[in-house]
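Per chain, numbering begins at 1; letters A, B, ... match sequence-line order.
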Amino acid sequence: MGVSMNQMTIAEVLNAPAAPAGKTTVGGWVRTVRLSKGGFAFIAINDGSSFDNLQIVAKAELPNYSSELARLTAGCSILAEGSIVESPGSGQRFEMQAEEIRILGWADPAGYPIQPKHHTYEFLRTQAHLRARTNTFGAVARVRNAMSLAIHGFFQSRGFLYVHTPIITASDCEGAGQMFRVTTLPVGGGALPAEEDFFGRPTFLTVSGQMEAETYACGLGKVYTFGPTFRAENSNTARHLAEFWMVEPEMAFCDLAGDADLAEAFVKHIFSAVLTGCPRDMAFFDERVEKGVVATLEHIVASPFERITYTQAVEILEKSGQKFDYPVSWGSDLQSEHERYLTEKHIGRPVIVTDYPRQIKAFYMRLNDDAKTVAAMDVLVPRIGEIIGGSQREERLDVLTARMAEGGLKPESYWWYADLRRYGTVPHAGFGLGLERTIQFATGMANIRDVIPYPRTPRSAEF
RNA sequence: UCCCCGAUAGCUCAAUGGUAGAGCGGCCGGCUGUUAACCGGCAGGUUCUAGGUUCGAGCCCUAGUCGGGGAGCCA
């Protein structure tokens, strides 16, 4: 017995139109074992290929029944060979009548932390190397995978080029946000000049691939990046990570309206793909994690996003009669409570807020004709808040230079960014979507640390 | 970083300042085409750390560590 022609995943077995003929081999980790003195054992195993387990029926006549099979516990790994038959019991369509079961690895029940019972997410975070073996984290991993595939599918089908922007960057202020320093200088070598460092200058982990993506968009048209991003902010919330994955499309010959159109189509596409690609996992999230997520996603896919300007948003908030902890006034940024009111109470679905005051947004966002606002947009969703932030980029060199000066930035640090405007400038636009926040929204998972395998947060990088 | 809350058995949680408890899991036994099975028994504790108050502290006080919720920064 071993890896044979007849080896199947549990997903393949359970989704088969009819019970596969002949002998089949399946490998997996034991979830539960129920012994029957009547002469058999029911061994439920999972191999990650599907949410559902495969029930293996082991008869007492098997040679290793009492010596091994009767001693199986949660977490043991086994390889089972037998015939797939329709199950006489309720709860599963097919089961395996085992003819041979080999134990590959024992899992001492005294020490194995994943018991067949409810565990808190907090506890499972301390066992992140084993939590993939639970229902919830298996489902999250499959949804994350389906979403990643859908992201590439969306852009590829629309002619976007996937570009790999650098992880290590020398721009010391690509935007807001503290950066992680990258150095080979000795620890405590702050006295050594940066000229002695590996790159001969200070370098950091990227906080965004946007500027590099812009350079490729201004030459290749439509591009996107999809990779890790790093923020050294001391953020301790359920929606911030120090290392997260971001998707950043960038389009030449595109304005803010086109950018918002793309964002809306994009969000709808990936939610739709998750619903059709992971129905069993989504049913689990709907039942056990966040009641109503499936209906929420279906509704989002089917209905247009609301679009309002920042100025309209402020008016809505002022007229709302709601009491906010922070006052609403034109010119100051929208607080979480404001965003939540807009998307959860006033509109009840995703909303795209555009045209923010220039003073609260980045220098590269295009100045509108009113000279008071910039062509920026945020996509806000209920419960999570901002999942997309984007803008039309300032393509006029003189305006860009003036905006840099306003922000106290040194134009010489951005010489290559300015060159895009100096030589053959074009209107262009793009946005950034936080992968983990989008997974959070799609699954209903409350904490961002539970939608990435190994979360990096302040004072936490165990695995 | 700020505000609030928490830390007790492997896990989830109880316990008026006065002998540390339950459920689940584990071990032993019973029963059963079972479905996080069920029934009986047993074992399992430096009550986060360091100080302090008190005749006596899991409980009160101080500091710290870690975790959670909210806020800010943002995706």
Notebook entry, point to check: In terms of ring plane angle, is the pair A/F137 and A/Y121 parallel, tilted or perpendicular, where the classes change at 30° and 60°?
Noted result: perpendicular
Note to self: In whole Å, I'd like the distance from the CD1 atom of A/I387 to the P atom of B/A75.
What the structure shows: 12 Å
Note to self: Does B/U65 have OP1 or OP2 under 4.0 Å away from a side-chain N or O of A/R459?
What the structure shows: no
Note to self: I'd like to know if A/E233 reaches the base of B/U1 with its side chain such that a donor and an acceptor end up less than 3.5 angstrom apart.
What the structure shows: no
Checklist line | Under 4.0 angstrom between A/R340 side-chain N/O and B/A71 OP1 or OP2 | finding: yes
Next item on the list: Compute the ring centroids of A/F42 and A/F40, then answer whether they are less than 6.0 Å apart.
Entry: yes
Notebook entry, point to check: Would you say a side-chain N or O of A/T120 is under 4.0 Å from OP1 or OP2 of B/U12?
Noted result: yes
Next item on the list: Check whether any side-chain nitrogen or oxygen of A/R239 sits under 4.0 Å from OP1 or OP2 of B/A71, and answer yes or no.
Entry: yes
Note to self: Considering every strand and a 4.0 Å limit on heavy-atom distances, what is the contact class for A/S87: base, sugar-phosphate, or nothing?
What the structure shows: base
Notebook entry, point to check: A/A110 or A/G89: which one's nearest nucleotide on RNA chain B is closer to the 5' end?
Noted result: A/A110
Checklist line | Separation of atom CZ in A/R383 from atom P in B/G70, rounded to whole Å | finding: 12 Å
Check: A/Y326 near the nucleic acid: base, sugar-phosphate alone, or nothing, with a heavy-atom cut-off under 4.0 Å?
Finding: sugar-phosphate
Notebook entry, point to check: Is A/N447 near enough to B/G69 that one of its side-chain N or O atoms lies under 4.0 angstrom from OP1 or OP2?
Noted result: yes
Item checked: Spacing between A/R231 atom CZ and B/C74 atom C1', to the nearest angstrom -> 6 Å
Note to self: Taking the ring centre of each residue, are A/F230 and A/F204 less than 6.0 Å apart?
What the structure shows: no
Notebook entry, point to check: Run the side-chain contact (heavy atoms from CB on, under 4.5 Å) check on A/M282 and A/L297 step by step: do they pass?
Noted result: CA-CA 10 Å; A/M282 288 309 300; A/L297 295 186; 3.7 Å; yes
Check: Just by protein heavy atoms under 4.0 Å, how would nucleotides 37-45 of chain B read 5' to 3' in B, S and -?
Finding: S--------
Margin query: Between P on B/G69 and CE on A/M445, what's the gap in Å once rounded to a whole number?
Written below: 12 Å
Notebook entry, point to check: Applying a 3.5 Å limit to both distances, which nucleotide forms a Watson-Crick or G-U wobble pair with B/G17?
Noted result: none
Margin query: Stacking between B/G33 and A/F42, yes or no? Criterion: centroid separation under 5.5 angstrom, plane angle under 30 degrees.
Written below: no
Check: Heavy atoms under 4.0 Å, any strand shown: does A/E436 hit a base, just sugar-phosphate, or nothing?
Finding: nothing
Next item on the list: Can you label the angle between the A/Y356 ring and the A/Y310 ring as parallel, tilted or perpendicular, going by 30° and 60°?
Entry: tilted
Margin query: Please classify the nucleic acid contact of A/H118 as base, sugar-phosphate, or nothing, using heavy-atom distances under 4.0 Å.
Written below: base
Margin query: Which nucleotide, if any, forms a Watson-Crick or G-U wobble pair with B/C60, using both distances under 3.5 Å?
Written below: B/G52
Next item on the list: Please determine, for B/U65, whether a Watson-Crick or G-U wobble partner exists with both distances under 3.5 Å, and give it or none.
Entry: B/A7
Next item on the list: May I ask which nucleotide in the shown strands pairs with B/U1, Watson-Crick or G-U wobble, both distances under 3.5 Å?
Entry: B/A71
Notebook entry, point to check: Reckon A/E95 touches a base, only the sugar-phosphate, or nothing at all at heavy-atom distances under 4.0 Å?
Noted result: base
Note to self: Regarding A/E243, tell me which of base, sugar-phosphate or nothing describes its non-hydrogen contacts under 4.0 Å with the strands shown.
What the structure shows: nothing
Check: How close or far is atom C1' of B/C27 from atom CD of A/Q115, stated in whole angstroms?
Finding: 14 Å
Margin query: Please compare A/W245 and A/S336 by the position of their nearest nucleotide in RNA chain B and report the one closer to 5'.
Written below: A/S336
Item checked: Mutual orientation of the aromatic rings belonging to A/F154 and A/F266 [parallel < 30°, tilted 30-60°, perpendicular > 60°] -> tilted
Check: Are OP1 or OP2 of B/G72 and a side-chain N or O of A/Q335 less than 4.0 angstrom apart?
Finding: yes
Next item on the list: Could you check whether A/R449 gets within reach of a base, just the sugar-phosphate, or nothing at all, counting any heavy atom under 4.0 Å?
Entry: sugar-phosphate
Note to self: Looking only at the aromatic ring of each residue, does the gap between the centers of A/Y326 and A/H338 stay below 6.0 angstrom?
What the structure shows: no
Notebook entry, point to check: Which part of the nucleic acid does A/P109 contact within heavy-atom distance under 4.0 Å: base, sugar-phosphate only, or nothing?
Noted result: sugar-phosphate
Checklist line | Value in whole Å for how far the C1' atom of B/C27 lies from CG of A/D108 | finding: 12 Å
Item checked: Value in whole Å for how far the P atom of B/C66 lies from CZ of A/R125 -> 16 Å
